[in-house]
Asks: 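So that we are looking at the same thing, I have put the structure below in structure tokens.
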Amino acid sequence: MVQWHQRALAGLCRRCIISASKGLSSVFLFGHWSWVGQMGRRSESDGASGRPRSRLLWWVKRGLLVVCVIYVSVPFMMRLFPDIIKHLVYSHRVSVPFFVNLSQPADLYLNHTVNMYLKSEQGISLGVWHTVPESQWKEAQGKDLEWYQDSLGAGIPIIIYLHGNGGTRAASHRVGLIHVLSAIGCHVLALDYRGFGDSTGEPTEVGLTTDTLYLYQWVKARSGSSLVVLWGHSLGTGVATNTAVKLIEQGIVVDGVIIEGAYTNIRQGGAHHPFAWFYRKFPGFEYFFLDTMAENNIIFPNDENLKRMKSRLLILHAEDDHIVPIHMAQQLYEIAQSAQNSENQVKMIPFAGSLGYHHNGLYKDPHLPGIIREFVHTLAP
């Protein structure tokens with residue numbers, strides 16, 4: 001069986017290289033014979049001036065050959081070294097924005113925010129920001145961690161923000177959303193999953209879900225009767241729904257879940273990602289890219305999770321989202337609506353493509369505060 005698998009992989013490799021080589025050869029031959037025909041019509045006295053062109057053609061051909069080899073090599077590298085695809089899904093090594101001290105949120109004008117570190121597992125330290133409502137800005141000045149923790153029990157809604165696959169909690173669109181949510185009177189807890197930002201460890205799907213479960217339980221232990229909402233963006237939508245399902249298994253229903261820029265599952269999300277455009281027609285695209293994610297336990301099944309969730313759900317999506325197409329959000333809306341058997345439990349808000357919000361810009365919309373206030377109001381017992 002292993003020998004057959006190796007032969008099949010070798011055969012697929014040969015097909016890819018031959019296919020690419022044929023296309024490249026035709027380009028080279030066409031360019032070469034066109035050049036030869038032109039040179040044949042020139043007089044012998046032009047021979048010297050043709051040498052620079054000959055060298056240029058040589059470099060062009062070599063450059064195209066290098067591009068071809070790299071293009072064909074990438075899928076095989078993904079398969080042979082699965083850590084590459086893990087780093088694409090979890091871009092935790094890219095700590096943007098650069099040169100930001102995550103322990104000093106006031107440097108980003110979050111001066112009613114405390115930075116703290118929580119231990120979700122042995123050896124895992126999570127960097128977390130806790131921002132209080134803007135109305136408590138003056139009162140928060142100079143207060144310690146204990147004051148911030150005590151403030152969670154005041155009956156004010158709490159939102160746990162779960163970010164996407166790259167950068168840290170200090171990214172501009174994340175800070176922008178924290179300001180929006182604080183301004184409408186919510187507490188916001190924004191964490192960097194394990195391996196991201198100043199958090200320790202290496203990211204995995206199970207690990208990200210574990211981190212979020214720990215933060216949720218930490219908040220619930222201090223929040224009394226305050227509403228607690230999970231807000232996931234992009235990759236974080238899968239973390240949010242994974243967490244909600246894990247809590248269902250413990251007999252706990254999250255008060256509310258908001259998913260922004262959500263995909264149906266990571267396999268379909270990967271297939272529609274802009275990077276995949278270069279390889280969609282590549283022989284074995286699913287085997288090299290999508291199957292590799294699944295075999296490395298990278299699933300994030302929003303579609304399956306919504307069939308089991310019982311929380312009120314709000315879906316936010318920009319029509320011009322270039323990372324996750326809006327038809328995925330529509331599919332999730334239909335799945336959730338069917339599973340919950342109630343239109344009141346599920347709501348979807350699309351944002352017109354003419355607004356130019358794309359994947360990260362919904363926090364800029366002037367109607368967003370009202371949308372969130374209305375959703376939180378529906379959660380009140």
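Keep in mind the model is a prediction, meaning the values are calculated, not measured.
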Asks: Say you draw a straight line from CG of D255 to CD1 of I159; how long is it, rounded to the nearest 0.5 Å?
Replies: 11.5 Å
Asks: Please check: side-chain N/O of Y193 versus main-chain N/O of H163, any donor-acceptor pairing under 3.5 Å?
Replies: yes
Asks: Above 12 or not: heavy atoms from other molecules or residues under 6.0 Å from NZ of K310?
Replies: no
Asks: After noting the C-alpha distance and the side-chain angles of R194 and E121, does the key distance pass the salt bridge (Lys or Arg N to Asp or Glu O under 4.0 Å) rule?
Replies: CA-CA 10 Å; R194 61 184 65 196; E121 285 185 322; 2.9 Å; yes
Asks: Is there a donor-acceptor pair under 3.5 Å between the side chain of H187 and the backbone N or O of S151?
Replies: yes
Asks: Could you report the tightest heavy-atom contact between T168 and G197, atom names first, then the distance?
Replies: CG2-CA, 3.6 Å
Asks: So which atom in A154 and which in S226 form the shortest heavy-atom distance, rounded to 0.1 Å?
Replies: N-OG, 4.1 Å
Asks: For the pair H359 and H322, name the ring-plane relationship: parallel under 30°, tilted 30 to 60°, perpendicular over 60°.
Replies: perpendicular
Asks: So, do I372 and L314 sit near enough that their side-chain heavy atoms are less than 4.5 Å apart?
Replies: yes
Asks: Hey, is the main chain of T210 close enough, under 3.5 Å, to the side chain of S120 for a donor-acceptor pair?
Replies: no
Asks: Does N265 reach the main-chain N or O of F300 with its side chain, forming a donor-acceptor pair under 3.5 Å?
Replies: no
Asks: Between F351 and H367, does a ring pair (Phe, Tyr, Trp, His ring centres under 6.0 Å) hold up when you go through it step by step?
Replies: CA-CA 10 Å; F351 293 80; H367 301 291; 8.6 Å; no
Asks: Distance alone, cut at 3.5 Å: any donor-acceptor contact between the side chains of N115 and Y117?
Replies: yes
Asks: Would you say the side chains of T237 and N302 form a donor-acceptor pair under 3.5 Å?
Replies: yes
Asks: If we check side chain to side chain contact (heavy atoms under 4.5 Å, CB included) with L306, which of these qualifies: V245, V346, L332?
Replies: L332
Asks: Apply side-chain contact (heavy atoms from CB on, under 4.5 Å) to residues W147 and V132 and explain how you reach the verdict.
Replies: CA-CA 11 Å; W147 179 87; V132 297; 4.0 Å; yes
Asks: Do S182 and H112 have side-chain N/O donor and acceptor atoms under 3.5 Å apart?
Replies: yes
Asks: Which heavy atom of G164 sits nearest to which heavy atom of S234, and what is that distance?
Replies: CA-CB, 4.1 Å
Asks: Checking H272 side chain against Q268 main chain: does a donor-acceptor pair fall under 3.5 Å?
Replies: yes
Asks: If we count only N and O atoms by modelled type, under 3.5 Å, do the side chains of N111 and Q141 hold a donor and an acceptor together?
Replies: no
Asks: Would you indicate whether W59, at its atom CH2, is surrounded by more than 12 heavy atoms from other residues, nucleotides or ligands within a distance under 6.0 Å?
Replies: no
Asks: Hey, are the side chains of I259 and V257 touching, using non-hydrogen atoms and a 4.5 Å cut-off?
Replies: yes
Asks: Taking it one step at a time, do E205 and N242 satisfy side chain to side chain donor-acceptor pair (under 3.5 Å)?
Replies: CA-CA 9 Å; E205 181 169 352; N242 276 354; 2.9 Å; yes
Asks: Does the Lys NZ or Arg CZ of R312 fall within the cation-pi geometry relative to F375 - under 6.0 Å from the ring centre and within 45° of the axis?
Replies: no
Asks: I need the minimum non-hydrogen distance between D320 and H358, along with the two atoms involved.
Replies: OD1-N, 3.1 Å
Asks: Take H130 and Y148 through the ring pair (Phe, Tyr, Trp, His ring centres under 6.0 Å) test and state the conclusion after the steps.
Replies: CA-CA 8 Å; H130 174 192; Y148 276 85; 5.5 Å; yes
Asks: As a test of understanding, state which of F288, F282, F289 forms a ring-ring contact (aromatic ring centres under 6.0 Å, His included) with F285.
Replies: F289
Asks: Check the orientation of H87 and H92. Use parallel for under 30°, tilted for 30 to 60°, and perpendicular for over 60°.
Replies: parallel
Asks: If I take atom SG from residue C186 and atom CZ from residue R373, how far apart are they, to the nearest 0.5 angstrom?
Replies: 9.0 Å
Asks: With rounding to the nearest 0.5 Å, note down the distance linking OH in Y333 to NZ in K347.
Replies: 9.5 Å
Asks: Report the C-alpha separation of V114 and D144 in whole Å, then their side-chain angles, then the decisive distance to 0.1 Å, and conclude whether the side-chain contact (heavy atoms from CB on, under 4.5 Å) test is met.
Replies: CA-CA 8 Å; V114 68; D144 59 11; over 6 Å; no
Asks: Where is the tightest heavy-atom contact between L108 and A170, given as atom of each residue plus distance?
Replies: CD1-CB, 3.6 Å
Asks: List the steps and the verdict of salt bridge (Lys or Arg N to Asp or Glu O under 4.0 Å) for R79 and E295.
Replies: CA-CA 10 Å; R79 195 68 189 180; E295 290 169 13; 2.9 Å; yes
Asks: So does L235 get a backbone contact from the side chain of Y263, meaning a donor-acceptor N/O pair under 3.5 Å?
Replies: yes
Asks: Please assess E134 against L181 for the test side-chain contact (heavy atoms from CB on, under 4.5 Å), listing each intermediate value before the final yes or no.
Replies: CA-CA 9 Å; E134 193 175 88; L181 298 177; over 6 Å; no
Asks: Under 6.0 Å from the NZ atom of K246, do we count more than 12 heavy atoms belonging to anything else shown?
Replies: no
Asks: Assess, by modelled atom type and distance only, whether the side chains of T241 and N305 contain a donor and an acceptor separated by less than 3.5 Å.
Replies: yes
Asks: First locate atom CE of M78, then atom CD1 of I85, and finally report the distance between them rounded to the nearest 0.5 Å.
Replies: 5.0 Å
Asks: Of L110, V180, V100, which is the lone residue that meets side chain to side chain contact (heavy atoms under 4.5 Å, CB included) with V175?
Replies: L110
Asks: Checking the side chain of H317 only, and the main-chain atoms of V324 only, is there a donor and an acceptor separated by less than 3.5 Å?
Replies: yes
Asks: May I ask you to check whether over 12 heavy atoms, not counting those of Q250, lie within 6.0 Å of atom CD?
Replies: yes
Asks: Quick check: do D211 and L191 have side-chain heavy atoms less than 4.5 Å from each other?
Replies: yes
Asks: Just so I know, are the side chains of T204 and N297 near enough to count as touching, which here means a heavy-atom distance under 4.5 Å?
Replies: no
Asks: Are D365 and Y357 close enough that a side-chain donor and a side-chain acceptor fall under 3.5 Å?
Replies: yes
Asks: Looking only at side chains, do H327 and Q331 share a donor and an acceptor under 3.5 Å apart?
Replies: yes
Asks: What I'd like to find out is whether the side chain of I84 reaches to under 4.5 Å of the side chain of M77, using heavy atoms alone.
Replies: yes
Asks: Are side-chain heavy atoms of H233 and Y161 found at a separation under 4.5 Å?
Replies: yes
Asks: Can you measure from CD (E319) to CD (Q330) and round to the nearest 0.5 angstrom?
Replies: 10.5 Å
Asks: If I compare all heavy atoms of D192 with all of S199, which pair ends up nearest, and what's the gap?
Replies: O-OG, 2.7 Å
Asks: Evaluate side-chain contact (heavy atoms from CB on, under 4.5 Å) for I326 paired with D321, printing each intermediate quantity in order.
Replies: CA-CA 7 Å; I326 193 171; D321 191 325; 5.9 Å; no
